K.L.:
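Got a structure here, written out as structure tokens. Questions coming.
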Amino acid sequence: MSSTDSSTYEGFTAEERAAMKDHAQEKKTAARRGSRADKAAEAERDVLAKIAEMQDSDRIMAERVHAVITACAPALAPKLWYGMPAYALDGKVVCFFQSAAKFKARYATLGFSDQAKLDEGTMWAAGFALTEVTAEVEARIGALVKQAVS
């Protein structure tokens, strides 16, 4: 029986391995931090630093997404999650921003975990492609984030 390239498992991609290493480092860093307030302040600084490292188009979108999420859902705490800006409620990630460069995708993504209360019937979106963050997109993100934590 011959095998084809599409059926051969070659393990994780370099980008996936890097994301897993980021996550392990995030866990170690969080464990070393002191008080809850210190952890929250450092976590937000980490998110802002990660956003600042992004390529121009991703960085601009991530900055706007961060501003919308923190304004619309102040209960969500910014933190890094697999090297991506994420926003958590009671320590559990509700949503995250994945830059296009993270996994060499053609667009950035605003993703929601199963913690987000976006349920709508028997099927609903949990990820949204972003190519630009306009005023209309900001309003949609705000509404989604508010619904996610309601």
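Predicted model only: the values in this text are computed from it and were never measured. All residue numbers in this chain count up from 1 along the given sequence. Side chains included, hydrogens not; waters and symmetry mates left out as well; all remaining heavy atoms used.
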K.L.:
I need the minimum non-hydrogen distance between P78 and T70, along with the two atoms involved.
P.N.:
CG-CG2, 4.3 Å
K.L.:
Between E42 and K39, does any NZ, NE, NH1 or NH2 come within less than 4.0 Å of an OD or OE carboxylate oxygen?
P.N.:
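A salt bridge is absent here (no side-chain N lies under 4.0 Å from a carboxylate O).
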K.L.:
So if I apply the side-chain contact (heavy atoms from CB on, under 4.5 Å) rule between P85 and each of V47, L48, I69, V65, which one comes out positive?
P.N.:
V47
K.L.:
Decide side-chain contact (heavy atoms from CB on, under 4.5 Å) for L144 and F128; before the verdict, give the C-alpha distance in whole Å, the side-chain angles of both, and the deciding distance to 0.1 Å.
P.N.:
CA-CA 11 Å; L144 285 166; F128 298 85; 3.8 Å; yes
K.L.:
With no hydrogens and no angle check, is any side-chain donor or acceptor of K117 less than 3.5 Å from a backbone partner on S150?
P.N.:
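Yes, the answer is positive, given that a donor and an acceptor are paired below the 3.5 Å cut-off.
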K.L.:
Name all pairs fulfilling the salt bridge (Lys or Arg N to Asp or Glu O under 4.0 Å) condition that reach into residues 98-107, sequence neighbours left out, sorted by first residue then second.
P.N.:
E15-K104, D22-K102
K.L.:
State the CD-OG distance between E132 and S57, to the nearest 0.5 angstrom.
P.N.:
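Interatomic distance, E132 CD to S57 OG, rounded to 0.5 Å: 10.5 Å.
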K.L.:
Are there more than 12 heavy atoms of other residues, nucleotides or ligands under 6.0 Å from atom CG of D119?
P.N.:
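Buried by this count: over 12 neighbours within 6.0 Å.
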K.L.:
Does Y107, at its OH atom, have more than 12 non-hydrogen atoms belonging to other residues, nucleotides or ligands within less than 6.0 Å?
P.N.:
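No.
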K.L.:
To the nearest 0.5 Å, what is the distance between OG1 on T109 and CZ on F97?
P.N.:
8.0 Å
K.L.:
Any chance you could pull the hydrophobic cluster mates of Y82, using side-chain heavy atoms under 4.5 angstrom and chaining through other members?
P.N.:
W81, M84, V93, F96
K.L.:
Between A73 and V145, which heavy-atom pair has the shortest distance, and what is it?
P.N.:
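Distance-wise, the nearest heavy atoms are CB-CG1, 3.3 Å.
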K.L.:
Please check if the side chain of D58 supplies one atom and the backbone of A100 the other of a donor-acceptor pair under 3.5 Å.
P.N.:
yes
K.L.:
How far apart are the closest heavy atoms of A52 and R59, and which atoms are they?
P.N.:
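Nearest pair, atom of A52 first, then R59: O-CD, 3.8 Å.
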K.L.:
Which heavy atom in A75 sits nearest to a heavy atom in L89, and how many Å separate them?
P.N.:
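Heavy-atom minimum between the residues: O-CD1, 3.7 Å.
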K.L.:
Salt bridge check, R140 against E136: does any charged N sit closer than 4.0 Å to a carboxylate O?
P.N.:
no
K.L.:
Mind listing the closest non-hydrogen atom pair of V68 and G142 along with its distance?
P.N.:
CG1-N, 3.6 Å
K.L.:
Using a side-chain heavy atom cutoff under 4.5 Å and only I, L, V, M, F, W and Y, what cluster partners does M123 have?
P.N.:
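Members other than M123 - counting any ILVMFWY side chain reachable under 4.5 Å - there are none.
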K.L.:
Checking the side chain of R17 only, and the main-chain atoms of F12 only, is there a donor and an acceptor separated by less than 3.5 Å?
P.N.:
yes
K.L.:
Taking atom NZ of K92 and atom OG of S113, what is their separation to the nearest 0.5 Å?
P.N.:
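It is 9.5 Å, given to the nearest 0.5 Å.
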K.L.:
Using 0.5 Å steps for rounding, measure from the CE atom of M61 to the CG atom of D56.
P.N.:
11.0 Å
K.L.:
Do you know which two heavy atoms are closest between H66 and I51, and how far apart they sit?
P.N.:
CB-CD1, 4.0 Å
K.L.:
Taking C-beta and beyond as the side chain, do V133 and I60 meet within less than 4.5 Å on heavy atoms?
P.N.:
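Contact flag for V133/I60 side chains = no.
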K.L.:
Under 3.5 Å, side chain of E26 to main-chain N/O of G83, donor-acceptor pair present?
P.N.:
yes
K.L.:
Once you round to the nearest 0.5 Å, how far does SG of C95 lie from CG of L118?
P.N.:
9.0 Å
